[in-house]
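Reading through the structure tokens given below for one structure.
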2 protein chains.
Amino acid sequence: MTTVTNITYDELTLGQTAQFSKQVTKDEITLFATLSGDHNPVHLDSAFAAASPFKECIAHGMISGALISAAVAMTIPGPGTIYIGQTMSFLLPVKIGDQITVKLEVLEKNPKYRVKIATRVFNQNNEMVVDGVAEVRAPRDKQTINLPDLPKVTIS
Amino acid sequence: MTTVTNITYDELTLGQTAQFSKQVTKDEITLFATLSGDHNPVHLDSAFAAASPFKECIAHGMISGALISAAVAMTIPGPGTIYIGQTMSFLLPVKIGDQITVKLEVLEKNPKYRVKIATRVFNQNNEMVVDGVAEVRAPRDKQTINLPDLPKVTIS
């Protein structure tokens with residue numbers, strides 16, 4: 001079983017970094033379309049997308065938001081974090097097959113356990129696709145959690 | 001086949017509203033955990049969540065982000081919209097089974113087809129769970145699209 005240990009408010013240091021990486025394939029796009037209800041063909045139909053400004057299918061921009069949220073929940077501060085806010089600027093499209101890396105950097109430690117974290121998202125060519133900032137309430141207590149197995153998801 | 005027609009930049013009016021609604025069930029949480037990689041038990045394990053500050057499993061906050069993005073893509077401005085940015089403040093947790101409604105309102109029409117849209121997210125008790133603003137480049141051209149069928153997603 002996989003475990004994850006958090007970084008508490010007291011342990012966090014300004015400038016501290018972490019990163020979280022995941023490939024965005026057709027499967028992630030199908031799952032996002034299914035859960036969100038956004039069935040726009042620019043994400044799903046390559047013939048339609050070929051005539052769009054992007055010339056090919058692109059990922060829903062908010063998939064990067066999902067990866068940012070996972071980065072914050074799984075790395076720094078990790079388990080026990082309460083999400084307060086997020087800003088995102090979408091700079092470049094994410095294409096099918098891109099290997100996406102969320103790079104986190106602690107920007108501010110404020111009263112009441114509030115922390116601001118830069119959430120910069122890059123593709124495999126080191127181009128920034130999303131810039132943004134998360135605000136969280138960092139955990140007070142050290143915590144190691146077991147990650148539960150997920151139900152099996154099959155796409156057919 | 002379902003079709004969706006967009007609202008062009010010229011057609012959008014200040015104060016114009018639209019809404020988009022979806023229930024957040026255990027399935028949406030499983031799909032979000034699978035696509036994002038956030039397997040935190042506070043979203044997935046009811047025994048673990050019972051000991052958390054929320055007392056029960058809650059949805060990943062960014063699921064509301066996914067629904068906001070779908071609302072913008074499917075209602076106003078709809079197809080042809082390019083997402084520029086999004087801010088979100090997470091005000092209240094979304095619980096399993098909540099019926100979530102994203103209410104959009106056109107706040108600003110700016111040069112270069114840029115539009116700011118309030119993206120307020122409510123639960124079935126009319127409590128605001130997320131407040132935020134989307135910035136988009138609205139479509140210039142009228143467009144009606146056919147929504148493609150999605151691959152079948154099975155959770156077991």
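If you're wondering where the values come from, they're calculated on a predicted model, not measured in any experiment. Chain naming here is simple, since letters A, B, ... match the order of the sequence lines and numbering starts at 1 in each.
Proximity to chain A (any heavy atom under 4.5 Å) is restricted, for B:Ile145, to the side chain, taken from C-beta onward. For A:Val42, no part sits under 4.5 Å from any heavy atom of chain B, backbone or side chain. Only the side chain of B:Met74 has a heavy atom closer than 4.5 Å to any heavy atom of chain A.
Top candidate by heavy-atom pairs under 4.5 Å with chain B, chosen from A:Gly65, A:Ala73, A:Gly61, is A:Gly65. Options B:Ala33, B:Gly37, B:Pro93 differ in how many heavy-atom pairs under 4.5 Å they form with chain A, and the most are formed by B:Gly37.
Here CE of A:Met62 is found 6.0 Å from CE of B:Met62. Values are rounded to the nearest 0.5 Å. For the atom pair CG of B:Leu35 and CD1 of A:Ile29, the computed distance is 10.5 Å after rounding to the nearest 0.5 Å.
Annotation: salt bridge (Lys or Arg N to Asp or Glu O under 4.0 Å) contacts involving residues 64-75 of chain B, sequence neighbours excluded, are absent.
Hydrophobic cluster of A:Ile84: no remaining members, since no ILVMFWY side chain lies below 4.5 Å from it. Through direct or indirect side-chain contacts shorter than 4.5 Å among Ile, Leu, Val, Met, Phe, Trp and Tyr, B:Phe122 is connected to B:Leu91, B:Met128.
Hydrophobic clustering keeps B:Val133 apart from B:Val72 (ILVMFWY residues linked when any side-chain heavy atoms are closer than 4.5 Å, directly or through intermediates). No chain of hydrophobic side-chain contacts below 4.5 Å, direct or via other Ile, Leu, Val, Met, Phe, Trp or Tyr residues, connects B:Leu107 to B:Leu14.
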Please tabulate, one pair per line, the donor and acceptor atoms of chain B and chain A that lie under 3.5 Å from each other, or say none if there are none.
from: A:Lys22; atom 1: NZ; to: B:Leu35; atom 2: O; distance (Å): 3.1
from: A:Leu35; atom 1: O; to: B:Lys22; atom 2: NZ; distance (Å): 3.2
from: A:Ile84; atom 1: O; to: B:Phe90; atom 2: N; distance (Å): 2.8
from: A:Gln86; atom 1: N; to: B:Met88; atom 2: O; distance (Å): 2.9
from: A:Gln86; atom 1: O; to: B:Met88; atom 2: N; distance (Å): 2.8
from: A:Met88; atom 1: N; to: B:Gln86; atom 2: O; distance (Å): 2.8
from: A:Met88; atom 1: O; to: B:Gln86; atom 2: N; distance (Å): 2.9
from: A:Phe90; atom 1: N; to: B:Ile84; atom 2: O; distance (Å): 2.8
from: A:Lys152; atom 1: N; to: B:Ser156; atom 2: O; distance (Å): 2.8
from: A:Lys152; atom 1: O; to: B:Ser156; atom 2: N; distance (Å): 2.8
from: A:Thr154; atom 1: N; to: B:Thr154; atom 2: O; distance (Å): 2.7
from: A:Thr154; atom 1: O; to: B:Thr154; atom 2: N; distance (Å): 2.7
from: A:Ser156; atom 1: N; to: B:Lys152; atom 2: O; distance (Å): 2.7
from: A:Ser156; atom 1: O; to: B:Lys152; atom 2: N; distance (Å): 2.8

